[in-house]
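The structure appears right after this line, and notes come after that.
Atoms considered below: every heavy atom in the structure, side chains included; atoms not considered: hydrogens, waters and symmetry mates. These figures come from a predicted structure and were not determined experimentally. So you know, we letter chains A, B, ... as the sequences are listed, proteins then strands, and number each from 1.
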Amino acid sequence: MALRFYNTLSHSLEEFTPGQAGEVRMYNCGPTVYSDPHIGNMRSFLLADLLRRVFDQRGFRTTQVMNITDVGHLTVDDVADAAGEDKLEKMARAEGIDPYEIARRYEEVFFENLDILGARRAHEYPRATEHVAEMITMIEALIEKGHAYQVDGVGVYFRVRSFPEYGRLSGNTLEDLDAGARIEVDDRKESPLDFALWKIDEKHLMQWDSPFGRGFPGWHIECSAMSEKYLGRTFDVHTGGEDNIFPHHECERAQSLCSGDGEFARFWVHARHLLVDGAKMSKSKGSFFTINDLLARGFEGYEIRYTLISPHYRQPMNFTLDGLEGDRKAVARLRALGERLRGEGASGAPASASAEWRERLEAAQAQFDACLDDDLNVSGGLGVVHETAKALGRGELGPDEAAAGLAFLEHADAILGVIFAESSQVEEGLSPEEQELLEARGAAREARDWARSDELRDALLARGIVIKDGADGVTWERRR
RNA sequence: GGCGGCAUAGCCAAGUGGCUAAGGCACGGGUUUGCAAAACCCGCAUCCCCGGUUCGAAUCCGGGUGCCGCCUCCA
């Protein structure tokens, strides 16, 4: 089946064909590095990763670029507002730490989180602060072509009326937008719809010199300038969260299309927001989770990844801790099977597996691929994986069948990234005391003193250690 | 007010005109185990309501109800 995605621009499912055969160029709206990434942010970045992995697996030469928004759209006032809840920003203000340091610090957290969730690294992560020159060039081009105008001492605005297509992406029309526009404080704009390309505001923490005065770039211009620099004016896929559709991406299109020739992004893929316990994430309701929060609760990166990618990306996903807990078990079963097959299939050859198994696994793989090709239907694909895993788990497999089964799991996991992903938790060993308890229990079992044995097992459980008596010895696992 | 989306079992979630409506979690029963844990097996829904189109609809159309997102810097 051909690849197809829902293209926000056409508001319909479209067959995906890259502009240049065999090559995909993709731009992802990345993080704003002024706080720890939360699960919603990561869901959007994982959508980008899923696309990346599908493109890779289908044999495209993929170039992926994700921007780092480190320009402070943060004024001195904002810092003051945020001071109550953000330690680092408070510190920054109190101790006069450079905002760049804060940005770098959060950028690091972002990359750590990305790795822990098993996202493949993009090919470029351009920082907005390092591309101000490109932005200025683009703004100058827009002014020259009559698509932007300068207001002395205020900044530069994009003239929305000069771009009749404005609204196409978000499904708005200029008339509707005009009618619904909120009252503008600054009437020096020609139209309330016009948006800033360059702003002059002394309170802003980051400032650059420009032909329009010392100030800072508008939010949208960074993506237009950086995508063009790294991917060219026309590229294949642009992703982001649904809230980016308007105004951010609408404005990006306007800027890019008006500043030069050629198409801009051909496919726009947007992730719906996630809810927590059925409602918008909220700090006051205690339903605001960063990736680090979940890691601190002892969840593995691949467990979080599984939860975030399993519902369809265009479906408003409902995140719950109970759901994550449940998914952890589902992943654990797949991982246990994967580990088992790696042992049993070590010496086998998939091609020599029985015809029955070969057919079954080929069919499963074809079905899995078809699901992913069809607008990234991960849930459907997971269904196939679980079904097949169940069959593999019950079957008496020879080495060849095990190897074939393993090959299937590895194929699926090239997209899913959860079955063979490494643990992100630091596995603590047993303390001497715990070790003693474990050995004492072993001795009690040896003596068939079951009461004493169970007592010791409970004692270990109270310390978060789960005991498993297997055929070939006792193993333990730390749990929360 | 404008634009858009969603309603499938206790919970999460696929399915977009046609075999017995995927899968996961939970739950019940069982195999195994000293007992557990883990693993494995078995069971578990007619798809928000009303009307229509059709030989046939969870899937298409109309109406209703409920929930949600966006509307200038929140993925």
Side-chain angles (χ1 to χ4, degrees), chain A residues 8 11 13 28-32 35 37-48 69 71 73-74 160 167 170-173 175-182 184 192-196 199 218-220 239-248 250-251 270-275 278-281 306-307 310-312 314-320 322-334 336-337 340 367 371 374 377-390 393-395 445 448-451 453-454 457-458 461 466-471 474-477 479:
Chain A
T8 309
H11 307 278
L13 275 171
N28 311 305
C29 262
T32 302
S35 58
H38 62 247
I39 50 179
N41 297 130
M42 276 302 166
R43 168 146 133 117
S44 152
F45 305 146
L46 287 178
L47 162 64
T69 299
V71 169
H73 295 287
L74 192 65
V160 169
S170 55
N172 286 118
T173 61
E175 291 67 47
D176 290 340
L177 286 168
D178 224 2
R182 292 175 180 178
E184 263 308 319
L193 294 179
D194 292 351
F195 56 88
K199 274 184 177 171
W219 176 40
H220 316 301
T239 72
E242 62 172 330
D243 60 318
N244 284 154
I245 297 171
F246 190 90
H248 186 51
E250 196 73 77
C251 295
H270 292 100
R272 295 234 31 189
H273 277 186
L274 65 69
L275 307 171
K280 202 168 172 174
M281 274 198 288
Y306 184 100
T307 287
S310 33
H312 190 87
R314 280 193 294 116
Q315 208 59 38
M317 103 162 255
N318 184 23
F319 176 92
T320 63
D322 285 347
L324 179 55
E325 199 67 53
D327 284 339
R328 136 183 293 166
K329 292 177 188 163
V331 186
R333 289 209 356 244
L334 293 178
L337 177 70
R340 203 189 104 196
Q367 233 182 309
C371 284
D374 186 14
N377 183 0
V378 177
S379 336
L382 278 173
V384 176
V385 170
H386 279 290
E387 230 174 359
T388 309
K390 193 180 239 184
R394 104 185 87 196
R445 293 189 77 222
R448 307 186 72 81
D449 181 353
W450 307 127
S453 159
D454 290 350
R457 182 172 59 200
D458 288 344
L461 187 61
V466 178
I467 301 300
K468 300 178 196 177
D469 299 318
V474 179
T475 58
W476 57 272
E477 199 172 277
R479 278 192 214 153

Using a heavy-atom cut-off of 4.0 Å across all strands, would you classify [X] as base, sugar-phosphate, or nothing?
| X | answer |
| --- | --- |
| A:R448 | nothing |
| A:H248 | nothing |
| A:G171 | sugar-phosphate |

message: Taking only side-chain N and O atoms of A:R333, does any of them lie within less than 4.0 angstrom of OP1 or OP2 on B:rC40?
response: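 True: A:R333 side-chain N/O within range (under 4.0 Å) of B:rC40 OP1/OP2.
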What is the distance from [atom1] of [X] to [atom2] of [N], rounded to the nearest Å?
| X | N | atom1 | atom2 | result |
| --- | --- | --- | --- | --- |
| A:N244 | B:rU72 | CG | C1' | 12 Å |
| A:L275 | B:rC12 | CG | P | 11 Å |
| A:H11 | B:rG69 | NE2 | C1' | 15 Å |
| A:I245 | B:rG2 | CD1 | P | 20 Å |
| A:R340 | B:rA38 | CZ | C1' | 13 Å |
| A:D458 | B:rA36 | CG | P | 13 Å |

query: Which value, in whole Å, describes the distance between the C1' atoms of nucleotides B:rA45 and B:rA21?
result: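 These two C1' atoms come out 8 Å apart once rounded.
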message: Suppose you measure atom C1' in B:rA7 against the same atom in B:rG64; what distance do you get, rounded to whole Å?
response: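 The same atom, C1', in both gives a distance of 13 Å.
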Compare every heavy atom of [Y] with every heavy atom of [X], then report the nearest pair and how far apart it is.
| X | Y | result |
| --- | --- | --- |
| A:Y306 | A:A330 | OH-CB, 4.0 Å |
| A:E242 | A:H270 | CA-CB, 4.2 Å |
| A:R445 | A:S453 | CG-OG, 3.3 Å |
| A:E250 | A:S170 | OE1-OG, 2.6 Å |

Donor-acceptor pair under 3.5 Å: do we get one between [X]'s side chain and the base of [N]?
| X | N | answer |
| --- | --- | --- |
| A:R457 | B:rA36 | yes |
| A:D454 | B:rG34 | yes |
| A:D322 | B:rC12 | no |

task: Return the nearest nucleotide to the side chain of A:D243; candidates are B:rC12, B:rG34, B:rA75.
output: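 So the nucleotide nearest the side chain must be B:rA75.
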